[in-house]
Peer 1: 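Sending over a structure as structure tokens; questions will come in a sec.
Proteins get letters first, then strands, A, B, ... in listed order; numbering begins at 1 in each.
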There are 2 protein chains.
Amino acid sequence: MAPRRQQEIFQATLGLLAEKGYEGLTVEGVADRSGVNKTTIYRWWPSKAALLAAALVEADTLAVEAPDTGSLRGDLEALVRGIAALLTRPPAADVAVAALGAAVHHPELAETARRFFADRLAREEQIFERARRRGELREDADPMLIMDLLGGAVWLRTVFRGLPLDDGFAAEAVRTVLDGSAPA
Amino acid sequence: MAPRRQQEIFQATLGLLAEKGYEGLTVEGVADRSGVNKTTIYRWWPSKAALLAAALVEADTLAVEAPDTGSLRGDLEALVRGIAALLTRPPAADVAVAALGAAVHHPELAETARRFFADRLAREEQIFERARRRGELREDADPMLIMDLLGGAVWLRTVFRGLPLDDGFAAEAVRTVLDGSAPA
């Protein structure tokens, strides 16, 4: 399938998810909105869950370029700002919140969530590889833990507490995981 | 109302939420299950959202004692283990995941989520107060940020990634926010 057509299907999928939730998302609805035949969609993605997984991982709207600012601190701050934008700015925010809310409610989406986060981490690994080579990271530091601390904090602050992120949030969060909170 | 009776109402509320979701939770259902008259429940809590908010903040099942181990490190590790237990061990896990999933989907619950996390933070403040007096915390360290990093990481790892927490998780997460990840 042509990449452009694929992106149209993904757009339709994520749009329907954001508007109607996972319950309201159907392959038929995606076919209607994207103008692609239902049978064609099923040939590529055998189920609604498979289609959603592909859309979440491959859609341009949710793509986050792994930053390369020259320092681990700069890269992590850019990542935190990227995650914050994803969780707070429409339309991506509606998609992200609907997708993660659905993952909590529908056990059949657990694999989708796993795949999404594994894909993100694989892209982020290069940031930590470069940091190790530059001597910016403790040898035993765990990239998944660092990303869970930073990504989880953005989620908890914006979605659960419903608080805005001030300008200093990214720098302060990254400072905490890199330099700690104990007195120097 | 007698505290014990109140706890029975809260138990019924949280049980119905975990079983049927927020949509399936009704004051009528709570009245049936707790054996308390519907009008009495309404006299105390004017809406289903108000009842749920009270249950989340005041129910014994979700109560987390603020630990006092003698060190900030020990206190934070105990808190992380407490949050992990809450998010992974039934029946509290079903309640917590249902409540937070509902908060994402129902804007009218935003205030409930805010109140829940504000109440938690107020209880945790004493940990940070003691740490400051003992000189274990940088003057400008932000307790809400530290709790968002730690709590968010537990949530992301267990609920979104669906991965188990190994024995070292609490110590490693707390080590990262206290000592950082940069080489010594």
Side-chain angles (χ1 to χ4, degrees), chain A residues 21 72-73 76 97-98 100-107 109-111 113-114 116-118 121 128 131-132 135-163 168-169 172-184, chain B residues 21 72-73 76 97-98 100-107 109-111 113-114 116-118 121 128 131-132 135-163 168-169 172-184:
Chain A
L72 176 60
R73 192 172 307 264
L76 291 179
V97 170
L100 291 169
V104 166
H105 282 292
H106 299 274
L109 289 179
E111 182 51 35
R114 239 192 302 278
F116 176 79
F117 284 103
L121 191 63
F128 294 96
R132 279 214 178 82
E136 296 174 302
L137 200 61
R138 241 177 32 218
E139 271 309 312
D140 62 347
D142 174 0
M144 190 195 281
L145 177 60
I146 291 173
M147 290 314 306
D148 285 354
L149 289 162
L150 293 174
V154 175
W155 174 268
L156 215 153
R157 181 72 60 97
T158 59
V159 181
F160 290 155
R161 288 198 202 269
L163 293 176
F169 183 87
E172 202 46 53
V174 171
R175 181 186 172 196
T176 304
V177 300
L178 289 186
D179 307 331
S181 318
Chain B
L72 175 60
R73 192 171 307 264
L76 291 179
V97 171
L100 291 170
V104 166
H105 283 292
H106 300 275
L109 289 179
E111 182 51 36
R114 239 192 303 277
F116 176 79
F117 285 103
L121 192 63
F128 293 95
R132 280 216 178 81
E136 296 174 299
L137 199 61
R138 241 178 31 218
E139 272 307 310
D140 63 347
D142 173 1
M144 190 195 280
L145 177 60
I146 292 173
M147 290 315 304
D148 285 354
L149 289 162
L150 293 173
V154 175
W155 174 267
L156 215 153
R157 181 72 59 96
T158 58
V159 180
F160 290 155
R161 289 198 202 270
L163 293 176
F169 182 87
E172 202 45 53
V174 171
R175 181 186 171 197
T176 304
V177 301
L178 288 186
D179 307 330
S181 317

Peer 1: Can you see which heavy atom on B:Gly162 is nearest to which on A:Arg114, and at what distance?
Peer 2: O-NH1, 3.5 Å

Peer 1: Non-hydrogen atoms of chain B under 4.5 Å away: do they reach the side chain of A:Ala141, the backbone, both or neither?
Peer 2: side chain

Peer 1: Need one label for A:Phe169: side chain, backbone, both or neither, based on atoms under 4.5 Å from any heavy atom in chain B.
Peer 2: side chain

Peer 1: In terms of heavy-atom proximity below 4.5 Å to chain B, should A:Ala131 be classed as side chain, backbone, both, or neither?
Peer 2: neither

Peer 1: Which atoms of A:Arg73 come close to chain B, meaning under 4.5 Å heavy atom to heavy atom: side chain ones, backbone ones, both, or neither?
Peer 2: neither

Peer 1: Tell me every residue that passes side chain to side chain contact (heavy atoms under 4.5 Å, CB included) with A:Leu163, counting only those two or more places apart in sequence or in another chain.
Peer 2: A:Arg157, A:Arg161, B:Met144

Peer 1: Do you know which of A:Gly135, A:Ala153, A:Ala98, A:Ala102 has the most heavy-atom pairs with chain B at a distance under 4.5 angstrom?
Peer 2: A:Ala153

Peer 1: Determine the option with the most heavy-atom pairs under 4.5 angstrom with chain B, choosing from A:Ala173, A:Pro183, A:Ala113, A:Gly151.
Peer 2: A:Pro183

Peer 1: Need one label for B:Ile146: side chain, backbone, both or neither, based on atoms under 4.5 Å from any heavy atom in chain A.
Peer 2: side chain

Peer 1: Between A:Val154, A:Val159, A:Leu150, A:Leu100, who has the most heavy-atom pairs with chain B when the cutoff is under 4.5 Å?
Peer 2: A:Leu100

Peer 1: Nearest 0.5 Å, please: how far is CG in B:Leu76 from OG in A:Ser181?
Peer 2: 8.5 Å

Peer 1: Any chance you could measure A:Leu145, atom CG, to B:Thr176, atom OG1, to the nearest 0.5 Å?
Peer 2: 4.5 Å

Peer 1: To check you understand the geometry: which heavy-atom pair defines the closest contact between A:Gly152 and B:Leu156, and what is its length?
Peer 2: N-CD1, 3.3 Å

Peer 1: By a 4.5 Å heavy-atom criterion (distance strictly below it), what part of A:Glu172 contacts chain B: side chain, backbone, both, or neither?
Peer 2: both

Peer 1: Mind checking ring-ring contact (aromatic ring centres under 6.0 Å, His included) for B:Phe128 and listing every partner two or more places apart, or none if nothing turns up?
Peer 2: none

Peer 1: Tell me whether the rings of A:Trp155 and B:Phe160 are parallel (<30°), tilted (30 to 60°) or perpendicular (>60°).
Peer 2: perpendicular

Peer 1: Against chain A, label B:Ala103 side chain, backbone, both or neither, depending on which of its atoms sit under 4.5 Å from a heavy atom there.
Peer 2: neither

Peer 1: Picking from B:Asp142, B:Val177, B:Val97, B:Asp140, which has the most non-hydrogen pairs under 4.5 angstrom with chain A?
Peer 2: B:Val177

Peer 1: Given that the side chain runs from C-beta out, which part of A:Leu72 has a heavy atom under 4.5 Å from chain B: side chain, backbone, both or neither?
Peer 2: neither

